Number of protein chains: 2
Amino acid sequence: MASMLLSRQLTCCLQQNSRLLVFGHRYISQAAAKIDVDFDYDGPLMKTEVPGPRSRVSFQSINAEAVHFFCNYEESRGNYLVDVDGNRMLDLYSQISSIPIGYSHPSLIKLLQQPQNLSTFINRPALGILPPENFTEKLKESLLSVAPKGLSQVITMSCGSCSNENAFKTIFMWYRNKERGHNNVTKEELESCMINQPPGCPDYAMLSFMGGFHGRTLGCLATTHSKAIHKLDIPSLDWPIAPFPRLKYPLEDFVKENQQEEARCLEEVEDLIVKYRKKKKIVAGIIVEPIQSEGGDNHASDDFFRKLRDIARKHGCAFLVDEVQTGGGCTGKFWAHEHWGLDDPADVVTFSKKMMTGGFFHKEEFRPNAPYRIFNTWLGDPSKNLMLAEVIKVIKTEDLLNNATHAGKALLTGLLDLQARYPHLISRVRGRGTFCSFDTPNDATRNKLITIARNKGVVLGGCGDRSIRFRPTLIFKDHHAHLFLNIFSDILANFK
Amino acid sequence: MASMLLSRQLTCCLQQNSRLLVFGHRYISQAAAKIDVDFDYDGPLMKTEVPGPRSRVSFQSINAEAVHFFCNYEESRGNYLVDVDGNRMLDLYSQISSIPIGYSHPSLIKLLQQPQNLSTFINRPALGILPPENFTEKLKESLLSVAPKGLSQVITMSCGSCSNENAFKTIFMWYRNKERGHNNVTKEELESCMINQPPGCPDYAMLSFMGGFHGRTLGCLATTHSKAIHKLDIPSLDWPIAPFPRLKYPLEDFVKENQQEEARCLEEVEDLIVKYRKKKKIVAGIIVEPIQSEGGDNHASDDFFRKLRDIARKHGCAFLVDEVQTGGGCTGKFWAHEHWGLDDPADVVTFSKKMMTGGFFHKEEFRPNAPYRIFNTWLGDPSKNLMLAEVIKVIKTEDLLNNATHAGKALLTGLLDLQARYPHLISRVRGRGTFCSFDTPNDATRNKLITIARNKGVVLGGCGDRSIRFRPTLIFKDHHAHLFLNIFSDILANFK
């Protein structure tokens with residue numbers, strides 16, 4: 001039935017193509033938008049302004065000021081998001097970077113249709129105590145098949161925040177065991193922890209970076225410093241916050257300045273560890289994103305991260321890499337931190353979003369020393385893991401990591417060209433794989449560009465205070481980049 | 001295909017019934033185990049010890065000391081959990097109280113087989129910004145149709161911990177807005193919150209109870225005080241912790257003592273609010289479970305909770321009821337706190353587990369005053385909401401709340417009888433609906449009873465330091481209670 005449905009959708013789509021809006025081709029597109037032979041649509045198709053009349057009706061029934069518009073996910077396919085008014089948009093934001101292989105991927109439809117998979121979707125177990133028989137097998141097919149080098153252990157969680165929270169806890173327990181030097185817990189520790197006091201609840205901290213985003217639950221939020229709206233009015237912890245490098249672009253023109261900037265930040269990291277230790281607050285771990293995403297797509301050099309890893313080791317702190325947004329292949333490697341070429345791997349790596357399930361990898365030595373220490377009722381969801389196994393198979397068979405590198409190059413080259421032509425609108429073009437971004441002059445211009453693009457059939461996302469970030473799916477290809485660049489070139493040419 | 005599979009399973013089950021182990025009938029069972037005509041099995045069927053040989057093989061491939069055994073969820077149906085060795089057990093723990101209408105319920109199988117639902121399972125949106133068209137409709141069919149009186153607003157989350165974390169944040173923001181008395185945030189607040197400091201991150205607290213469990217992320221963990229293993233080595237917050245009443249049983253013999261005990265605890269709550277306020281730490285909210293579950297199934301009277309609600313109002317604190325384990329119908333009302341008969345409703349009610357999705361209800365006045373303040377990428381999962389709508393339909397059409405009251409009465413009556421006969425093994429029998437429990441003399445006896453019961457075909461769960469808790473599904477009926485009581489009566493008679 002559902003495959004019939006899909007065929008019908010495909011027919012509809014082909015009929016609608018004759019009505020495809022034709023955009024001017026001011027841009028440098030080497031090739032006209034190539035029509036994908038598989039399940040993807042071949043271009044945007046706009047019928048109304050967005051949000052359109054049907055979205056507006058739905059708005060009346062919901063109190064959610066953040067809603068952009070209402071979607072028709074049944075009709076959404078590949079790189080294209082369809083709204084309830086029938087507008088079909090090239091989606092370069094992919095649900096805040098969380099759709100790995102496009103909407104309604106045939107492999108996932110097939111997976112849902114297989115009777116042997118039904119049970120996994122309707123019988124959600126308490127995974128930590130009563131796992132299904134095939135659980136370890138599915139883990140090997142999925143998460144363990146893409147484990148970062150040196151990180152043999154994995155635990156699944158329901159979302160990105162829970163992943164970071166539990167990664168922090170894993171690090172705190174590891175650190176305390178290291179301090180204890182034995183496994184004997186004192187009576188005083190057992191009693192004091194029940195009332196939130198040391199020594200049972202020690203005065204440990206995670207060091208984070210200004211501009212970082214690691215989630216919004218209270219522990220995570222103490223390491224998140226991207227926007228005030230995330231943190232205002234919420235009590236927090238006195239944990240150290242280091243500056244993150246603010247690089248100047250183009251990188252080749254500012255080699256020395258950027259090296260100095262990174263050295264300054266690294267020095268501050270070491271100073272903070274020492275300073276906090278003096279006031280009896282121990283930095284047990286350092287958390288960092290390979291590219292600060294919500295905070296404005298802030299990059300640092302591979303050398304910066306290698307040196308940061310060395311500092312963590314030198315001071316006995318765990319090194320936690322948050323790959324919730326960067327992980328899953330969009331930078332051209334499965335994990336963005338694999339670009340760094342670390343000699344000593346990260347200690348803990350967290351993930352979620354494109355991975356469909358939250359969770360974290362860690363080194364063997366970070367295993368909790370007793371059961372139920374890292375635990376909750378669901379500990380993830382085997383149905384997400386089942387889908388992830390399929391997604392990873394598609395990534396491998398369709399060579400989607402190389403695709404991200406290739407399509408990312410097309411996108412970045414085009415953006416650099418637009419920057420050269422419209423320097424008053426576009427600056428600081430940067431990116432790795434398809435994980436690209438640029439700055440606009442200010443917040444108002446950025447938001448206006450996003451709105452205009454949406455009405456021309458392209459969904460974009462903002463980050464930081466004036467950046468636009470690209471977070472397409474892994475099946476975003478060169479021709480999608482050219483399609484976007486053509487549309488955006490027109491927008492910039494006409495921008496007032 | 002899957003309905004064929006189900007028919008085949010049903011046939012297998014009927015064939016296997018001839019091999020059903022016959023247990024002695026020492027107990028008071030009024031009726032032999034009635035055979036359900038629908039999808040449930042009709043009794044346990046044990047082939048090996050648990051964990052059996054196939055479970056033991058799977059153990060070798062996983063490092064998870066908490067795992068009890070490996071399960072065959074495809075073969076599990078109704079109230080019966082089947083393990084990988086073909087052992088079929090009456091499940092009175094239901095995945096830590098998280099399976100609402102039994103395993104492999106035909107309504108959920110049907111839901112998964114409908115082509116129009118496919119998209120919801122494979123296209124998970126960023127719900128806060130791009131909801132699907134039918135989202136508000138599904139919310140009305142599901143969560144809003146069972147909203148506690150006076151709580152018109154609902155937000156979905158991925159799990160119980162995230163629900164409580166975000167409920168805390170909602171309360172903190174509400175409190176701060178109340179303190180401000182206007183909507184103007186100062187520059188100092190905006191700047192200081194970015195570095196985790198007051199006034200932007202105010203020194204607010206949630207008051208919780210000793211023995212309570214509210215989750216394991218850092219914010220939740222500061223209100224969790226059930227077991228040291230949950231809290232040891234994790235930094236925490238100096239938030240006030242009040243004693244929870246320790247009632248004496250049978251209740252009718254200790255009316256005065258229990259009233260005094262509850263009065264003492266309530267007095268301590270007020271004292272703590274005042275004491276913390278004096279040291280400039282403001283109690284913005286009080287969190288409490290209707291029945292402390294992980295902490296040992298500790299009950300308090302309806303009167304206690306009504307007075308606690310009054311204290312919260314008197315001191316301007318929000319009143320947060322954590323229904324993660326008690327919610328969803330098992331106490332005979334959809335929400336356990338509905339038994340209290342509050343004049344002024346709770347301010348916030350959190351849920352997860354049997355509700356299949358996390359989230360919380362709140363009063364209109366607790367709505368965040370700006371978008372993106374309570375937000376994350378997924379904000380729950382519409383596929384869980386779709387299943388929940390179906391589950392709620394089944395609860396209503398099959399009158400499962402009354403069933404919980406009725407079956408709970410059969411269970412509690414039987415437990416009281418066993419307590420009278422085996423007072424050296426069973427004490428403090430208590431319960432509401434099927435949410436029943438009793439104490440054993442000590443941890444070792446409790447764990448031994450659980451192991452013996454498992455090998456006789458009944459899955460039980462422990463809580464606190466020596467209690468056994470009953471957390472069956474909502475389709476647990478009188479005859480399941482009698483079946484269990486017969487088996488357990490034999491176990492007690494032979495216990496050495």
Side-chain angles (χ1 to χ4, degrees), chain A residues 1-2 5 61-62 65-66 68 70-74 84 95-96 98 103 108-109 112 115 118-119 121-123 125-126 128-133 136 158-159 165 169 172-173 176 190 193-196 200-201 204 216-219 222 225 228-229 231-236 241 371-372 376-377, chain B residues 1-2 5 61-62 65-66 68 70-74 84 95-96 98 103 108-109 112 115 118-119 121-123 125-126 128-133 136 158-159 165 169 172-173 176 190 193-196 200-201 204 216-219 222 225 228-229 231-236 241 371-372 376-377:
Chain A
M1 276 291 276
L5 193 77
S61 66
I62 198 170
E65 300 88 345
H68 297 168
F70 285 79
C71 301
N72 181 340
Y73 288 104
E74 290 75 16
V84 292
Q95 310 292 330
I96 320 181
S98 69
Y103 297 102
L108 294 180
I109 291 179
L112 257 285
L118 265 175
S119 168
F121 286 89
I122 60 172
N123 295 319
I129 55 170
L130 296 164
E133 181 166 27
T136 41
S158 292
C159 70
E165 290 273 348
K169 287 173 62 175
F172 293 139
M173 294 189 295
R176 188 77 189 99
L190 289 173
C193 79
M194 291 298 278
I195 52 168
N196 301 7
C201 294
Y204 286 168
R216 290 162 168 264
T217 49
L218 262 67
H225 320 280
I229 195 80
K231 294 175 67 75
L232 187 68
D233 302 344
I234 314 302
S236 195
I241 308 151
Y372 295 107
N376 58 48
T377 297
Chain B
M1 273 293 276
L5 192 76
S61 66
I62 197 169
E65 300 88 346
H68 298 169
F70 285 79
C71 301
N72 181 340
Y73 288 104
E74 290 75 18
V84 293
Q95 310 293 327
I96 320 181
S98 70
Y103 297 102
L108 294 180
I109 291 179
L112 256 285
L118 265 176
S119 168
F121 287 88
I122 60 173
N123 296 319
I129 54 171
L130 296 164
E133 181 165 28
T136 40
S158 292
C159 70
E165 290 273 348
K169 288 173 60 175
F172 293 140
M173 293 189 294
R176 189 76 189 99
L190 289 173
C193 80
M194 292 298 279
I195 52 169
N196 300 8
C201 294
Y204 287 168
R216 292 163 167 263
T217 50
L218 262 68
H225 320 279
I229 195 81
K231 293 176 69 74
L232 187 69
D233 301 346
I234 314 302
S236 195
I241 309 152
Y372 295 108
N376 59 47
T377 297

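Note that this is a predicted model, so its numbers are computed, not measured. All chains are named by letter (A, B, ...) in the order of the sequence lines, taking the proteins before the strands, and each is independently numbered beginning at 1.
For a residue to count as touching a neighbouring chain, one of its non-hydrogen atoms must lie under 4.5 Å from one of that chain's; by this rule A:Ser119 touches chain B with the side chain only. Looking at B:Ile229, both its backbone and its side chain come within 4.5 Å of chain A, counting heavy atoms on both sides. At a 4.5 Å heavy-atom cutoff, A:Asn72 makes no contact with chain B through either its backbone or its side chain.
Residue A:His68 holds its NE2 atom at 6.5 Å from CG of B:Leu130, rounded to the nearest 0.5 Å. Here CD1 of B:Ile96 is found 8.5 Å from CG of A:Asn376. Values are rounded to the nearest 0.5 Å. A:Leu112 CG to B:Leu118 CG: the interatomic distance, rounded to the nearest 0.5 Å, is 5.0 Å.
For chain A, the option among B:Ser158, B:Cys159, B:Pro132 with the highest count of heavy-atom pairs below 4.5 Å is B:Pro132. Most heavy-atom pairs under 4.5 Å with chain A, from the set B:Leu190, B:Ile241, B:Ile122: that is B:Ile122. For chain B, the option among A:Gly219, A:Ser98, A:Cys201 with the highest count of heavy-atom pairs below 4.5 Å is A:Cys201. For the set B:Pro371, B:Ala66, B:Ala222, B:Gly128, the entry with the most heavy-atom pairs within less than 4.5 Å of chain A is B:Ala66.
Nearest heavy-atom pair, B:Phe172 versus A:Pro235, reported as atom, atom and distance to 0.1 Å: CD1-CD, 3.3 Å. Considering all non-hydrogen atoms of both residues, B:Met194 and A:His225 come closest at O-ND1, 3.0 Å. Here the shortest heavy-atom pairing between A:Tyr73 and B:Pro125 reads OH-CB, 3.2 Å. Closest approach of B:Gln95 to A:Ala126, counting heavy atoms only: OE1-N, 2.7 Å. Between A:Lys169 and B:Arg216, the shortest heavy-atom contact is NZ-O, 2.9 Å.
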Quiz item: When you look at B:Leu232 and A:Met173, which way does the side-chain contact (heavy atoms from CB on, under 4.5 Å) test go after all the steps?
Solution: CA-CA 8 Å; B:Leu232 187 69; A:Met173 294 189 295; over 6 Å; no
Practice problem: Show your working on side-chain contact (heavy atoms from CB on, under 4.5 Å) between B:Glu74 and A:Asn123 and close with a plain yes or no. | Solution: CA-CA 8 Å; B:Glu74 290 75 18; A:Asn123 295 319; over 6 Å; no
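A heavy-atom distance below 4.5 Å is not found between the side chains of B:Leu218 and A:Thr217. Contact check for A:Ile234 versus B:Arg176: no side-chain heavy atoms found under the 4.5 Å cut-off.
The side chain to side chain donor-acceptor pair (under 3.5 Å) test applied to A:Asp233 returns B:Arg180, B:Arg373, not counting sequence neighbours.
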